[in-house]
Engineer: 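Take a look at this one; I'll ask things after.
It should be emphasised that the depicted structure is a prediction, and the values quoted were computed from it without experimental measurement.
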Amino acid sequence: MNAKMHVKKGDTVVVLSGKDKGKKGKVLSVNPEKRMVIVEGVSMATKHKKPRRMGEAGGIISQETPIYASKVMNVCSKCKAATRVGRKVLEDGTHVRYCKKCGETIGE
């Protein structure tokens, strides 16, 4: 299934709902099939890590867990506000995403 997402890897987003509501972070990875994203510093969980090699440290680490993409919204780099994303085709035929509030292109 070719699922289109409103966020891409590297975008800055704000969380809309849940325990991390209002937090901003950078998108680390996107999974379009499951409609989930991993955001830096959001939805942290602890994990017990066993040392696998000689000299490798084990212990309890914290890492980001996936959240649904519908719970995040892009932050425009120009107007610094959470905004919806539109798509348009330029005169030269390239597709770009743009901020619905100020019209600035996003992430290109």
Side-chain angles (χ1 to χ4, degrees):
M1 181 176 154
N2 188 6
K4 289 196 175 167
M5 303 271 290
H6 66 284
V7 291
K8 288 185 178 181
K9 183 178 176 180
D11 285 350
T12 303
V13 295
V14 64
V15 179
L16 300 175
S17 64
K19 66 176 184 176
D20 294 315
K21 181 178 180 177
K23 284 189 182 178
K24 286 185 183 179
K26 192 171 113 177
V27 176
L28 299 176
S29 70
V30 177
N31 187 345
E33 289 81 28
K34 292 185 178 180
R35 309 288 293 170
M36 298 189 102
V37 294
I38 296 178
V39 182
E40 184 177 38
V42 173
S43 184
M44 300 298 286
T46 56
K47 180 180 179 180
H48 296 264
K49 187 170 188 285
K50 187 174 181 180
R52 295 289 177 194
R53 291 186 211 101
M54 206 59 168
E56 186 177 299
I60 301 172
I61 59 168
S62 47
Q63 67 180 30
E64 295 89 357
T65 59
I67 60 173
Y68 286 107
S70 60
K71 290 187 171 195
V72 298
M73 185 178 257
N74 277 48
V75 175
C76 178
S77 58
K78 184 180 177 189
C79 60
K80 303 287 189 243
T83 181
R84 290 183 297 148
V85 175
R87 292 182 176 92
K88 62 183 173 184
V89 181
L90 299 178
E91 297 82 26
D92 60 354
T94 58
H95 295 264
V96 293
R97 298 180 306 148
Y98 70 96
C99 169
K100 290 264 191 164
K101 288 188 178 178
C102 68
E104 186 72 20
T105 58
I106 295 175
E108 313 312 329

Engineer: Might you point out which heavy atoms bring Lys88 and Gly103 nearest each other, and give the distance in Å?
Structural biologist: NZ-O, 4.3 Å
Engineer: Do any N or O atoms from the side chain of Lys101 and from the backbone of Ala82 form a donor-acceptor pair under 3.5 angstrom?
Structural biologist: yes
Engineer: Who clusters with Val72? Use side-chain heavy atoms, under 4.5 angstrom, across I, L, V, M, F, W and Y, and order the result by chain and number.
Structural biologist: Met5, Val7, Val13, Val15, Val27, Val30, Val37, Val39, Val42, Ile67
Engineer: In terms of heavy-atom contacts, does NZ of Lys24 have more than 12 from other residues, nucleotides or ligands at under 6.0 Å?
Structural biologist: no
Engineer: Distance from Thr83 atom OG1 to Tyr98 atom OH, nearest 0.5 Å?
Structural biologist: 9.5 Å
Engineer: List the atom of Gly58, the atom of Pro51, and the distance in Å for their closest heavy-atom pair.
Structural biologist: CA-CD, 3.7 Å
Engineer: What are the two closest heavy atoms between Lys49 and Ala57, and how far apart are they?
Structural biologist: NZ-O, 4.4 Å
Engineer: If you measure from CD1 on Ile38 to CD on Gln63, what distance do you get to the nearest 0.5 Å?
Structural biologist: 8.0 Å
Engineer: Between Asn31 (side chain only) and Met36 (backbone N and O only), is there a donor and an acceptor less than 3.5 Å apart?
Structural biologist: no
Engineer: Heavy atoms only: give me the nearest Ile106-Cys99 pair and the separation to one decimal.
Structural biologist: CD1-N, 3.7 Å
Engineer: Hey, is the main chain of Ser43 close enough, under 3.5 Å, to the side chain of Glu64 for a donor-acceptor pair?
Structural biologist: no
Engineer: Using 0.5 Å steps for rounding, measure from the CG atom of Leu28 to the NZ atom of Lys9.
Structural biologist: 8.0 Å
Engineer: Could you report the tightest heavy-atom contact between Met73 and Arg84, atom names first, then the distance?
Structural biologist: CE-CG, 4.0 Å
Engineer: Just verifying a value: how many Å separate Cys79 SG and Glu104 CD, rounded to the nearest 0.5 Å?
Structural biologist: 9.0 Å
Engineer: With distance as the sole test, does Arg97 use its side chain to make a donor-acceptor pair with the main-chain N or O of His6 at under 3.5 Å?
Structural biologist: yes
